[in-house]
Amino acid sequence: MPEVRVVNLTKKFGNIVALDNVNLVIHDKEYFSLLGPSGCGKTTLLRLIAGLIEPDSGEIYIGGKRVDNVPPEDREIGFVFQTFALFPHMTVWENVNYGPRVKNFDLKAAGTIGHEVLELVKLHERLNAYPNELSGGMMQRIAVARALAAGAKTLLLDEPLGQLDAKVRNEIRYEMRRMAKDLNLTAIHVTHDQAEAMSISDRIAVMKKGKIVQVGTPQELYMKPNSLFVAYFIGESNFLEGSVVEAKDSELVIELRGGDKVKVFGEGLKKGERAVVVVRPEVFMVEQKKQGENVLKGTVEKISFEGTFVRYEIKLRSEDSVVVIRPSLTEKWFEVGAGITLSFEPEKAHVFPYPETSLAEELSV
Ligand SMILES: Nc1ncnc2c1ncn2[C@@H]1O[C@H](COP(=O)(O)OP(=O)(O)O)[C@@H](O)[C@H]1O
Ligand SMILES: [Mg+2]
């Protein structure tokens with residue numbers, strides 16, 4: 001149930017800075033995700049909160065209490081691993097009651113808790129089954145039940161759906177959220193899968209190379225990415241390089257590499273500076289405007305039908321860059337090789353200064 005707060009947290013492994021001065025508050029009863037590419041420090045942060053490893057510097061608070069010197073078993077957290085880590089030779093019942101038994105809880109009370117949590121995760125009728133007789137989704141729920149029986153009020157989930165196949169994963173991710181919400185838990189869910197994080201989280205922290213880049217609701221991250229990296233990592237984006245040729249307050253005109261000019265709104269950019277314009281695929285309109293502001297002409301290079309929408313790759317005529325668009329299925333169809341005219345509204349694009357290194361380097365994971 002508690003709030004989890006980390007202050008100036010740093011963890012190094014030899015020369016590797018796994019976590020670089022991280023500050024974060026996870027609210028009471030929040031379903032929170034740590035999202036980022038492999039190696040960005042997600043597991044390290046989770047293990048620090050759990051007390052499985054010690055920080056080099058910084059502070060950790062759970063429920064307002066500093067826990068840096070509190071052993072893991074007294075932090076009232078439950079850790080659910082990707083592999084579930086169930087004991088294969090123990091039944092569901094024995095797995096769930098393992099925590100209370102090793103902690104010397106009153107066994108009668110522990111038994112009652114065991115029944116309660118198994119009811120909660122809807123697996124009461126399987127209490128005599130062994131883990132290998134259960135589906136991945138069921139093992140997942142047992143792992144959660146076991147954490148709860150051991151007194152967890154905060155659930156730490158490290159890629160908890162990673163072992164499951166795609167279809168099951170999509171079903172179960174909502175289940176994880178439902179369980180945490182029904183039980184009034186604070187949950188911290190680690191994943192590298194942005195679709196998973198977006199669909200189940202109250203808020204998400206996007207991480208890159210040991211740092212937190214942005215924290216926000218899924219909508220905020222998608223609609224208002226604070227950086228090229230977040231625009232790249234959350235959803236799909238098109239990146240158009242250019243330079244500022246006019247700047248009047250936040251209204252900018254960017255000349256793209258191929259010479260097309262586009263109007264966008266953005267802060268902190270001056271005339272003459274290099275910039276990157278970000279346009280989401282669904283923001284492009286097709287054949288709505290033939291000329292004027294923010295019109296780009298191109299040729300259809302590739303089409304993929306993805307169920308609820310069509311994804312086109314369009315090679316822009318004025319430069320060699322390829323943009324992705326996703327018009328609705330009800331719109332006119334285009335064949336490969338067809339000419340196409342795209343346009344977008346300035347308010348719906350984002351613009352960032354060109355990175356100090358390079359765009360490729362900035363987006364590399
Ligand atoms: N026990 C360890 N010893 C050495 N390096 C480690 C150890 N644990 C993690 N690292 C390194 O720290 C960085 C962050 O790792 P990790 O937190 O596991 O990332 P993630 O969970 O986001 O994939 C990586 O570069 C990883 O190789
Ligand atoms: Mg990890």
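Start at 1 and go down the list; that is how both ligands and their atoms are numbered.
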Between D202 and K181, is a salt bridge (Lys or Arg N to Asp or Glu O under 4.0 Å) present by the stated rule, with each step listed? CA-CA 11 Å; D202 294 316; K181 291 289 173 190; 2.7 Å; yes
Looking at atom 13 (C) of ligand 1, would you say a protein heavy atom lies below 4.0 Å from it? yes
If we count only non-hydrogen protein atoms and require a distance under 4.0 Å, does atom 27 (O) of ligand 1 qualify as touching the protein? no
Here's one to test your reading of the geometry: is the NZ or CZ of R5 within 45 degrees of the ring axis of Y61 and under 6.0 Å from its centre? yes
Do Y31 and H189 have ring centroids that are under 6.0 Å from one another? yes
Are W93 and H124 an aromatic pair by the rule of ring centers under 6.0 Å? no
Would you indicate which of L19, L35, T44, N15 comes nearest to atom 15 (O) of ligand 1 when only heavy atoms are counted? T44
Measure the distance from atom 18 (O) of ligand 1 to every protein heavy atom, then report the residue, atom name and distance (to 0.1 Å) of the closest one. T43 CB, 3.7 Å
Just which atoms of ligand 1 are under 4.0 Å from any heavy atom in A18? 12 (O), 13 (C), 14 (C)
Yes or no: does G36 have any heavy atom under 4.0 Å from an atom of ligand 1? no
Cationic tip of K11 within the cone over F13's six-membered ring, i.e. under 6.0 Å and within 45° of the normal? yes
Pairs of nitrogen or oxygen atoms closer than 3.5 Å, one from F13 and one from ligand 1: do any exist? no
Which of these, G210, G39, C40, has its nearest heavy atom closest to atom 23 (O) of ligand 1? G39
Any idea which protein heavy atom is nearest atom 19 (O) of ligand 1, and the distance to it? G41 N, 3.2 Å
Short version for I16: what comes under 4.0 Å of ligand 1, heavy atoms counted, is side chain
Check the pair I60, V67 against side chain to side chain contact (heavy atoms under 4.5 Å, CB included), reporting the backbone distance first and the verdict last. CA-CA 6 Å; I60 303 167; V67 295; 3.7 Å; yes
Basic-acidic side-chain contact under 4.0 Å: E246, K263: no
Is the shortest heavy-atom distance from the side chain of I77 to the side chain of I62 under 4.5 Å? yes
Would you say T43 reaches the Mg ion (ligand 2) with an N/O/S atom under 2.8 Å? yes
